[in-house]
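Both ligands and their constituent atoms are indexed starting at 1 by order of listing. Along the sequence shown, residues carry numbers from 1.
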Amino acid sequence: MLEVEGIHSFYGEAHVLHGPSLTVRDGEVLALLGRNGMGKTTLIRSIMGLRPPVVRRGSVRWKGQELLGLAPHEIARRRIGIVPQGRRLFPSLTVLEHLTTLKPAGARHGWTVAKAFEFFPRLAERKSNRGHELSGGERQMLAIARALMTDPELVLMDEPSEGLAPVMVQHVESIVLELKRAGLAILLVEQNLYSALALADRVCVLETGRVVHEAAASEAGHDHATLTRFLGVH
Ligand SMILES: Nc1ncnc2c1ncn2[C@@H]1O[C@H](COP(=O)(O)OP(=O)(O)OP(=O)(O)O)[C@@H](O)[C@H]1O
């Protein structure tokens, strides 16, 4: 279980997160919603120990242990993976190289390269292609496959469907559901409300760095007044 409690994150003197708290339970998908600039990416980066921002107060506990103050690679070693906003791939590395940077090709346990290729057959076909040669959808699959190479129990996904064609958005949704079925917990930042409601067990709305609403996804779907108020959807 991940427990974020009252964290305050800053970019220089700009105070962006004003003490949001949330919990991601084992094996659940929690969708983090909110309009642009409300602090979703900042929250993901704060959990993963990425700088900037700087977290000045609060706590991020994973299985009861404090993560704040640890470096991102130490957090990854505790089995938290990240699919960052904008994918963050290396243009000159091949698909295979992206995966083997994190886990040797001969590894036999957990998410191996072979298992990733079975899960993403398209990546197997493109294994010798470099990052810059991949389509948007292939890049997103690679970003997800790379996160899986750390054998995570929790994956932080920052807008995995951003900029993808509708057919790829559906594909990414089916991947999220399959990972959930495989037992992973997922904290999913998602701009598309309907996608979030279809994938998540619970939703949490962030507004100017504060959690302003939390609900089961099944209830949130019927609560148009709240959604309109916080997200501007109709
Ligand atoms: N590196 C940075 N330096 C300074 N301010 C930043 C930086 N990154 C984000 N911010 C500011 O922090 C606030 C929250 O941004 P953040 O990217 O976390 O929002 P978001 O909810 O993820 O939005 P989006 O959907 O647009 O990514 C915004 O006001 C943004 O301008």
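When only non-hydrogen protein atoms are considered, atom 17 (O) of ligand 1 lies nearest to Thr41 CB, 3.6 Å. What sits closest to atom 18 (O) of ligand 1 on the protein, heavy atoms only, is Thr42 OG1, 2.5 Å. Closest to atom 11 (C) of ligand 1 among all protein heavy atoms lies Tyr11 CE1, 4.0 Å. Nearest protein heavy-atom contact of atom 23 (O) of ligand 1 is Gly37 N, 2.7 Å.
Cluster annotation: Val29 and Leu154 are assigned to distinct hydrophobic clusters (Ile/Leu/Val/Met/Phe/Trp/Tyr, side-chain heavy-atom contacts under 4.5 Å, transitive).
At least one side-chain heavy atom of Trp62 sits less than 4.5 Å from a side-chain heavy atom of Glu153. The shortest distance between side-chain heavy atoms of Met48 and Ile80 falls below 4.5 Å. Leu179 places a side-chain heavy atom less than 4.5 Å from the side chain of Phe119.
Heavy-atom proximity to Val16, at under 4.0 Å, picks out these atoms of ligand 1: 12 (O), 13 (C), 14 (C). Each of the atoms 25 (O) of ligand 1 lies under 4.0 Å from some heavy atom of Gln191. Heavy-atom contacts of Asn36 reach the following atoms of ligand 1: 23 (O), 24 (P), 25 (O), 26 (O) (cutoff under 4.0 Å). When each atom of ligand 1 is checked for a heavy atom of Arg35 under 4.0 Å away, the hits are 21 (O). Listed by number with element, the atoms of ligand 1 under 4.0 Å from a non-hydrogen atom of Met38 are 19 (O), 20 (P), 21 (O).
Nearest heavy-atom pair, Gly6 versus Ser21, reported as atom, atom and distance to 0.1 Å: N-OG, 2.9 Å.
Under a 4.0 Å N-O distance rule, the pair Glu13/Arg56 qualifies as a salt bridge. The pair Arg77-Glu74 fails the salt-bridge criterion, with no side-chain N (NZ, NE, NH1 or NH2) lying under 4.0 Å from an Asp/Glu carboxylate O.
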Practice item. Please step through side chain to side chain contact (heavy atoms under 4.5 Å, CB included) for the pair Val155 and Val176, ending with a clear verdict. Key: CA-CA 10 Å; Val155 185; Val176 171; over 6 Å; no
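The shell of residues lying under 4.0 angstrom from ligand 1, judged by heavy atoms, excludes Gly34. Within the 4.0 Å heavy-atom cutoff, Gly39 counts among the residues contacting ligand 1. Ligand 1 lies nowhere less than 4.0 angstrom from a heavy atom belonging to Arg45.
For atom 6 (C) of ligand 1, the nearest protein heavy atom lies under 4.0 Å away.
Of the candidates Gln85, Lys40, Arg51, Glu207, it is Gln85 that places a heavy atom closest to atom 27 (O) of ligand 1.
Although no hydrogens or angles enter the test, the distance criterion places no donor-acceptor pair under 3.5 Å between the side chain of His8 and the main chain of His15.
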